Amino acid sequence: MVSGGAWAGVERPVASPSMSDVSPRFRFAPSPTGFFHVGGARTALFNWALARRLGGRFVLRIEDTDEARNRPEWTDGIIDALAWLGISADDPVFEGPHFQSDSAQSHLAAAERLVASGNAYYCAMTPEEITERAGAEGGTGYGGWSRDLGLGPGSGRVLRFRVPDGSTVVHDLVRGEVSFDNAVIEDFVLVRGNGSPVFNLANVVDDIEMGITHVVRAEEHLPNTPKQQMIWDALGHAPPVWGHVPVLVNEQRKKLSKRRDKVALEQYRDEGYLATAMVNYLMTLGWSAGDDREIRPWAEIESLFRLEDVNLSPAFFDIKKLAAFNGEYIRMMPIDEFVAECDRWVPADWDRERLAAIATHIQPRLVTFSDLPGIVDFLFGDVVTDDDSWSKTMSTEYARPLLESTIGQYSELGDWSADVLKSTLELVMEPFGVKLGKAQAPVRVAVTGRTVGPPLFESIEVLGREETLVRLGRALEQLAT
RNA sequence: GGCCCGUUCGUCUAGUGGCCUAGGACACCACCCUCUCAAGGUGGCGGCACGGGUUCGAAUCCCGUACGGGCUGCCA
């Protein structure tokens, strides 16, 4: 099933220090410049699925060469978030994290080699000078003006790549062959004026040194790819297998932005989304197994996922659908597991037995775990009565007499069980000529404070006789005033 | 502006020339079930961007147009 030309790249000679290592090496290379977002998570997951299924490795490399924006806590955030998704050093497929800043020497050494081989040259022009000259010549961007000046290194001088004539064809597993005319690619910067390597150089050198065979990343990198492929060539290595997957977009169809959009993975975790649901949902964005099933366990996804099946167009990250997946996953949890998960979402002093007793009725009603306290709080403290609920249900003629009668009957009940509580109320309501739907309303508001909630009689059973009667009595008092 | 990528229901997708009267999922609506709210069940709404080709036959292949996006940085 995996056979065929598409994966020929796996077979190609790997330009790696350890040539014995023929298994595919994938990598995920985020930069620690903000919260880890869902787009990055999906890219990581794609790589993870591939690395695991093909018996390869998943290399995590933190690209921390942007000194102005890097912060160590972002790195921790990335590692934590990946672990939450199930991508961590606990699995031997995982390798890293490596830090790009640790290999600055290699980047510079590679730069030297490029200079020596004539593939790179120094340029002393400032950005301002470039803009000015470009404007004067009626163009935009750098025109290769320092190409043949024979400049040596020096403070403030950048090192540029000498883009050769011709064209560069990128073989992409997702998009096919993409051809770029080298004439439209300007001599880009490899090393900054301050001596630090730029992304395109560092990225390629690291990939080469880490023996990376497959680069699977977001489509926004596609325009970088010809540049990077030229560097691979110039450094004497066969380029990796490329795979550019579509970006994730917001409702405006713009690439997800950390600043503008709610996309931080840890935010979803804190709101009570299950990692399993998040992972499953993310994998359906831009990919499907080709059948009508969307919900499936990771093991299955992993065995089915193929880059060739990834879509070409951007996908909207739909929180509503994520929520639906989450509800689905919550309902699929064995009850013990569900109860265990509930534990960390409610205050420590809430009675765990009580929580467990009502859990089975809560499970189908939960979309995210952060909703949990608000649904069951009436079982663990004073009732907080919702004004709208009160006025809606207590203004009826029968509310008061029905409550009175309910108190009377409930206080004499021998068997305090949901079934009996229900049938008792059914007896109580008869004289008022209302159905159970109406009759339960004032009782519900008196006991839970709201018109909506878990099944009433089960809740009352769990609440217990004493507290229930207190609450009914209190409501009656309030009605009388 | 230039280069590159893309375009199937509102959204995520199935579809690789006849199985398509375009299937599924989320959302939405209705009904059923029902102690409220959910869950569950049934049904409904809704789409191949447009125009030309190629072909006996096109959502599927080709060309063009439109629209959207990405990149165009001494960010990654």
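Every heavy atom of this structure was used, including side-chain atoms; hydrogens, water molecules and symmetry mates were not. Every value quoted in this text rests on a predicted model; they were computed, and no experiment measured them. Letters go in sequence order (proteins before strands), and every chain restarts at 1.
Going from atom CE of M283(A) over to atom P of C12(B) covers 17 Å, rounded to whole Å. Taking atom CZ of residue F316(A) and atom P of nucleotide A25(B), one finds them 20 Å apart after rounding to whole Å. Regarding R365(A), its CZ atom lies at a distance of 12 Å from the P atom of C35(B), rounded to whole Å. Rounded to whole angstrom, the span from the CD atom of E220(A) across to the P atom of G70(B) amounts to 9 Å. Taking atom CG on L285(A) and atom C1' on A25(B), their separation rounds to 13 Å, with Å as the unit. In this structure, Q100(A) places its CD atom 13 Å from P of C75(B), rounding to the nearest Å. Remark: P of U36(B) and CH2 of W390(A) are 21 Å apart, rounded to the nearest angstrom. The CD-P distance, from E219(A) to A76(B), rounds to 21 Å in whole Å.
Taking atom C1' in both G64(B) and C56(B), one finds a spacing of 26 Å when rounded to whole Å. Atom P of G24(B) sits at a distance of 12 Å from the matching atom of C45(B), rounded to the whole Å. Taking atom C1' in both U8(B) and A25(B), the straight-line distance is 15 Å, to the nearest Å. With both ends at atom P, the span from G23(B) to G47(B) equals 12 Å, rounded to whole Å. Nucleotides C5(B) and U65(B) are separated by 15 Å at their P atoms, to the nearest Å. To the nearest whole angstrom, the two C1' atoms, one in G51(B) and one in G40(B), are 48 Å apart. Comparing the C1' positions of U7(B) and G15(B) gives an interatomic distance of 16 Å, to the nearest angstrom. C20(B) and C3(B): their P atoms are spaced 42 Å apart (whole Å).
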Pairs under 3.5 angstrom, nitrogen or oxygen only, protein versus nucleotides 20-24 of chain B, please.
from   : atom 1 : to      : atom 2 : distance (Å)
G24(B) : O2'    : D292(A) : O      : 3.2
G24(B) : N2     : E294(A) : OE2    : 3.1

Please produce a list of atom pairs where a protein N or O lies less than 3.5 Å from an N or O of nucleotides 59-66 of chain B.
none

Using atom names, set out every protein N or O paired with an N or O of nucleotides 40-44 of chain B below 3.5 Å, distance rounded to 0.1 Å.
from   : atom 1 : to      : atom 2 : distance (Å)
G40(B) : OP1    : R331(A) : NH1    : 3.4

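Base-pair partner of U7(B): A66(B) (Watson-Crick or G-U wobble, both distances under 3.5 Å). With a cut-off of 3.5 Å on both Watson-Crick or G-U wobble distances, the partner of C19(B) is given as none.
Residue contacts shown for G327(A) are absent, as no nucleic acid heavy atom lies under 4.0 Å away. At the heavy-atom level, P246(A) lies nowhere under 4.0 Å from the strands shown. If you check every strand for non-hydrogen atoms under 4.0 Å, F180(A) touches sugar and phosphate atoms only. Base engagement by H221(A) is indicated by at least one non-hydrogen atom pair under 4.0 Å involving a base atom. Within the 4.0 angstrom heavy-atom criterion, only backbone atoms of the sugar-phosphate kind lie near A315(A); the bases stay farther away. T451(A) comes within 4.0 angstrom of a nucleotide base, judged by non-hydrogen atoms across all strands. Across all strands shown, G141(A) has no heavy atoms under 4.0 Å from either base or sugar-phosphate atoms. Within 4.0 Å (heavy atoms only), E458(A) reaches at least one base atom of the nucleic acid. Using a 4.0 Å heavy-atom distance criterion, V158(A) is classed as a base contact. Across all strands shown, M429(A) has no heavy atoms under 4.0 Å from either base or sugar-phosphate atoms. Across all strands, S196(A) comes closer than 4.0 Å to no nucleic acid atom at all (heavy-atom distances). Within the 4.0 angstrom heavy-atom criterion, base atoms lie near L456(A). Within 4.0 Å (heavy atoms only), K438(A) reaches no atom of the nucleic acid at all. The residue F199(A) sits close to a base: some heavy atom pair falls under 4.0 Å.
Residue-to-nucleotide contacts include a donor-acceptor pair under 3.5 Å from the side chain of R444(A) to the base of C35(B).
Interatomic distance, F369(A) CZ to I362(A) CD1, rounded to the nearest 0.5 Å: 11.0 Å. Rounded to the nearest 0.5 Å, atoms CZ (R471(A)) and CG (L403(A)) are 14.0 Å apart. Note that CD1 of I295(A) is 11.5 Å distant from CD of E300(A), once rounded to the nearest 0.5 Å.
The listed nucleotides are U11(B), G6(B), C5(B); the one nearest the side chain of D318(A) is U11(B). The side chain of K422(A) approaches C35(B) more closely than any other nucleotide in the set U7(B), U36(B), C35(B). Comparing U11(B), C74(B), C5(B) by their nearest atom to the side chain of V198(A) picks out C74(B).
Taking the centre of each ring, F46(A) and H214(A) stay at or above the 6.0 Å mark. Proximity of the aromatic rings of Y410(A) and W416(A) is defined here by a centroid distance below 6.0 angstrom, and this criterion is met. Ring centroids of F325(A) and Y268(A) are separated by 6.0 Å or more, keeping the two rings apart.
Near RNA chain B, meaning a heavy atom under 4.0 Å away, the residues from residues 222-230 of chain A are L222(A), P223(A), N224(A).
For C71(B), the OP1/OP2 oxygens have a side-chain nitrogen or oxygen of K255(A) closer than 4.0 Å. Applying the 4.0 Å criterion to OP1 and OP2 of A27(B), one finds that K320(A) has every side-chain N and O outside that range.
More than 12 heavy atoms of other residues, nucleotides or ligands lie within 6.0 Å of NZ in K262(A), so this atom counts as buried by the packing criterion.
Judged by a 6.0 Å distance limit and a 45° cone about the ring axis, R160(A) is positioned over the six-membered ring of Y142(A).
Between the side chains of T448(A) and R444(A), no donor-acceptor pair is found at a separation under 3.5 Å. For S417(A) and D419(A), the side-chain atoms include no donor-acceptor pair closer than 3.5 Å. For the residue pair D206(A) / S103(A), a side-chain donor-acceptor distance below 3.5 Å is found, with atom types taken as modelled. Looking at D187(A) and Y121(A), their side chains do bring a donor and an acceptor atom within 3.5 Å of each other.
Under a 4.0 Å N-O distance rule, the pair R133(A)/E137(A) qualifies as a salt bridge. Residues E209(A) and R61(A) are not paired through a salt bridge, judged by the lack of any N-O separation under 4.0 Å between the basic side chain and the carboxylate. Between K392(A) and D386(A) there is no salt bridge, since no side-chain N of the basic residue sits under 4.0 Å from a carboxylate O of the acidic one.
With sequence neighbours excluded, the residues satisfying side chain to side chain donor-acceptor pair (under 3.5 Å) with S101(A) are D64(A). A search for side chain to side chain donor-acceptor pair (under 3.5 Å) contacts involving D371(A) returns T368(A), not counting sequence neighbours.
The side-chain contact (heavy atoms from CB on, under 4.5 Å) test with Y273(A) singles out one residue from L265(A), I330(A), I319(A), and that residue is I319(A).
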